[in-house]
Enquirer: 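Have a look at this one.
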Protein chains: 2
Amino acid sequence: MPRGYAGLVDTPRDAAPSGGSVFYRPQRRSKTADGLSRERIVEACVALLDREGAAALTMRKVAAELDVHATSLYWHVERREDLVDLAVDAIFAGAAVAPAPHGPWTEAVRSAATAMYTALAAHPWAASFAGSRPLVGPNALELSRRILRGLESTGADVRQRAVAATAISNLVLGAAVTAASARALGLDRDTALTREVVAAATGAGVPSLPVLEWQPRFEDALAVLLEGVAARLGR
Amino acid sequence: MPRGYAGLVDTPRDAAPSGGSVFYRPQRRSKTADGLSRERIVEACVALLDREGAAALTMRKVAAELDVHATSLYWHVERREDLVDLAVDAIFAGAAVAPAPHGPWTEAVRSAATAMYTALAAHPWAASFAGSRPLVGPNALELSRRILRGLESTGADVRQRAVAATAISNLVLGAAVTAASARALGLDRDTALTREVVAAATGAGVPSLPVLEWQPRFEDALAVLLEGVAARLGR
DNA sequence: ACCTGAACACCGTTCAAGT
DNA sequence: ACCTGAACACCGTTCAAGT
C-alpha cells in the first residue's frame, strides 16, 4: 500500500537530518483549510511541469501558479529538490494502488513494470529528473515491491530475484529516460540526425518513424528480458 | 570508427539550423595555437565535472577554469547544452576505439555494453545529464553500432536485432542513471533510507552494502538479458 | 503559524566594443 | 577572428518583518 508524503517511517533520528530525501524528513503540516499546503504545492508543480516541461520548475514559477511569493514555499519544503522528489513520486500514485493482475508471474511483473513505464512516459519531465534524483518515493518503492512480489512465485532464491528485479527497473528507467531526452531534442521528428541515430541504434532506416513509437518498443524489450529471467530461473 | 566533433556529416542544410544537437551544426574552427578552442573547452568541462559534479557545469566556472570570461565561450559553442553534449560524448572516446573481442556474439555485445557502462560509472555526472540530453554524439553512436554489429552474427532478422539492441542500451543507461542518482543522494552510505530502498528494490537487507556495488550487479543483469536475447533468437 | 519583502550571490545569454 | 565588459532578465535561498 502506498503511503503519504509524511515520511516513510515516523521521522527517524538516525537519517541525515537536513540533507537526503524529503521522504525521510518530518513534514510541517498545515492546519488551515485555505492557504498553502504541501499537497497543493505538489499539485501545482505537476500541472506546471506537464504544461511547460522540466526547465519550468522554478520556485518563482511554482509560486506564481499559486498566487504566492516564491519565499513562501520554504515554509512547506526545504528546497527546490524536494519539489522535484514530490512531483516525481506523485505521478506513480495511480500505478501504486492498481490491483495486481491474476495469471502467471510474468503477468504480475509485466503489469508493474509497464505501469511504471506508462507513468514516466505520460510525464517525460519525471524521467529527465531521474539522473539527479533517484526514484525512492513511497509510490516508486511500492512499484518496486510489486515487481519483486511477482518474482516470488518463481521459486528462485533471493539473490536471483534481486538481480531480476534490478534488471527490470533499470530497463524501465533506461527506456523512459531515452524516450524523454529524445523527445526533448526533437528526435521524434524526421530529421537527418534522427535518421543517423536510428540507424546506429537499430540498424534500420526510418520507415515513417515507427521505431520511435516508444511504448511498443519498450514492451518488446521487456518481453525479451522476461524470457531471460524465465530461462535463468529454469522455467 | 568514432569521428570528431565537427559534425556527423558535412554540415547538412536540412537539419534544424540553430536548435538540435552540437554534433549536427557546423563548427567554427580556431586557427591560433594559443587561445581557446572547442577541444580545450571540452577538456576543461570534463575536468571540472569530474572534480565538482554535474551542478558545477556553469559557463562562468568553465571559463574560470580557462582563465577567460564566460562570454568568450560563446564564440566556440552556441549554448551551455553544447558543453553538456560534448563533455558527455567525450567520456566514450576510449570505449569507442577499443578493438572488438574475439569469441561468440555474446562476448562482442557484452564487451560493448560493459564499456559503455564503465565509462558512465567513471563519470557519474554524464548519466545525470542523460535525462535531458540523449546520447547521440559520435562516440555514443559508435558504441551503439558495436552492440548492433555483435548481434548480426546471431542470424536474427533486423527487427529482432533492433529490439535486442534497444533493450541492451536501455539497460546500460538505466543502470548508470540509477547508480549516479543513488550516489548523489548518499544511498551508498548505510542509512535508514538506504535500508528501506534496498529492501523494496531487492527484497534483501543491507548485508554490509554489497548490493550497492553497482558494477557487478549491472553485469548480472546484462547476463540475464543476454540469456533472453539468446532464447528469443532460438540459440 | 504562516506569509511577505528586501536582499544576496549567483545564473545564461546578448551585444557593442575593443584588438 | 577572437575576446572583453557591461548589461539584462532571470535563478535559489536567507532572514527580518509583518500578521
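Letters A, B, ... mirror the listed sequences (proteins, then strands); counts begin at 1.
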Enquirer: Quick check: any donor-acceptor pair below 3.5 Å linking the side-chain of B/Arg60 to the base of C/dG12?
Expert: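 Answer is yes: a donor-acceptor pair is held.
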Enquirer: Does any nucleotide pair with C/dT4 by Watson-Crick or G-U wobble geometry, both distances under 3.5 Å, and what is it?
Expert: D/dA16
Enquirer: Checking all strands, does A/Leu57 fall into the base, sugar-phosphate, or nothing category for heavy-atom contacts under 4.0 angstrom?
Expert: sugar-phosphate
Enquirer: Just to be sure I understand the rule, does B/Leu83 reach a base, reach only the sugar-phosphate, or reach nothing, if contact means heavy atoms closer than 4.0 Å?
Expert: nothing
Enquirer: In whole angstrom, give the distance that lies between atom CG of B/Leu73 and atom P of C/dC11.
Expert: 13 Å
Enquirer: Rounded to whole angstroms, how far apart are CH2 on A/Trp75 and P on C/dG5?
Expert: 18 Å
Enquirer: Calculate the interatomic distance between A/Leu66 atom CG and C/dC2 atom C1'; express it in whole Å.
Expert: 15 Å
Enquirer: Grab the NE2-C1' distance between A/His76 and D/dT13 for me, whole Å please.
Expert: 16 Å
Enquirer: Considering Watson-Crick and G-U wobble pairs with both distances under 3.5 Å, what does C/dC11 pair with?
Expert: none
Enquirer: With distance as the sole criterion, is a donor-acceptor pair present between the side chains of A/Asp188 and A/Trp214 under 3.5 Å?
Expert: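 Judged by distance alone, the side chains do not pair up.
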Enquirer: Is A/Arg149 paired with A/Glu142 through a side-chain N to carboxylate O contact shorter than 4.0 Å?
Expert: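 A salt bridge is present here (some side-chain N lies under 4.0 Å from a carboxylate O).
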Enquirer: Once you round it to whole Å, what is the distance between C1' of C/dC11 and NZ of A/Lys61?
Expert: 14 Å
Enquirer: Examine the base of C/dG5 for any acceptor or donor lying under 3.5 Å from a partner atom in the side chain of A/Thr71, and report the outcome as yes or no.
Expert: yes
Enquirer: Measure the OG-CZ distance between A/Ser181 and B/Phe129 for me, rounded to the nearest 0.5 Å.
Expert: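 It is 13.5 Å, given to the nearest 0.5 Å.
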Enquirer: Any side-chain heavy atom of B/Leu141 within less than 4.5 Å of one from B/Phe23?
Expert: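 B/Leu141 vs B/Phe23: side chains apart.
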Enquirer: How about B/Leu135 and B/Met116: do any of their side-chain heavy atoms sit closer than 4.5 Å?
Expert: yes
Enquirer: Whole angstroms only, please: what is the OH-P distance between B/Tyr74 and D/dA7?
Expert: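 Spelled out: OH on B/Tyr74 to P on D/dA7 is 18 Å.
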Enquirer: Nearest whole angstrom, please: distance from the P of D/dA9 to the CE of B/Met59.
Expert: 20 Å
Enquirer: At less than 4.0 Å, is any side-chain N or O atom of B/His69 found next to OP1 or OP2 of D/dC3? Yes or no.
Expert: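 Result: no.
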Enquirer: Nearest to the A/Thr58 side chain among D/dC11, D/dT13, D/dA1, which nucleotide is it?
Expert: D/dC11
Enquirer: For B/Arg38 and D/dC2, what is the distance between atoms CZ and P respectively, to the nearest whole Å?
Expert: 13 Å
Enquirer: Nearest to the side chain of B/Arg80 - D/dT13, C/dT4, C/dG12?
Expert: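 For the B/Arg80 side chain, the nearest candidate turns out to be C/dG12.
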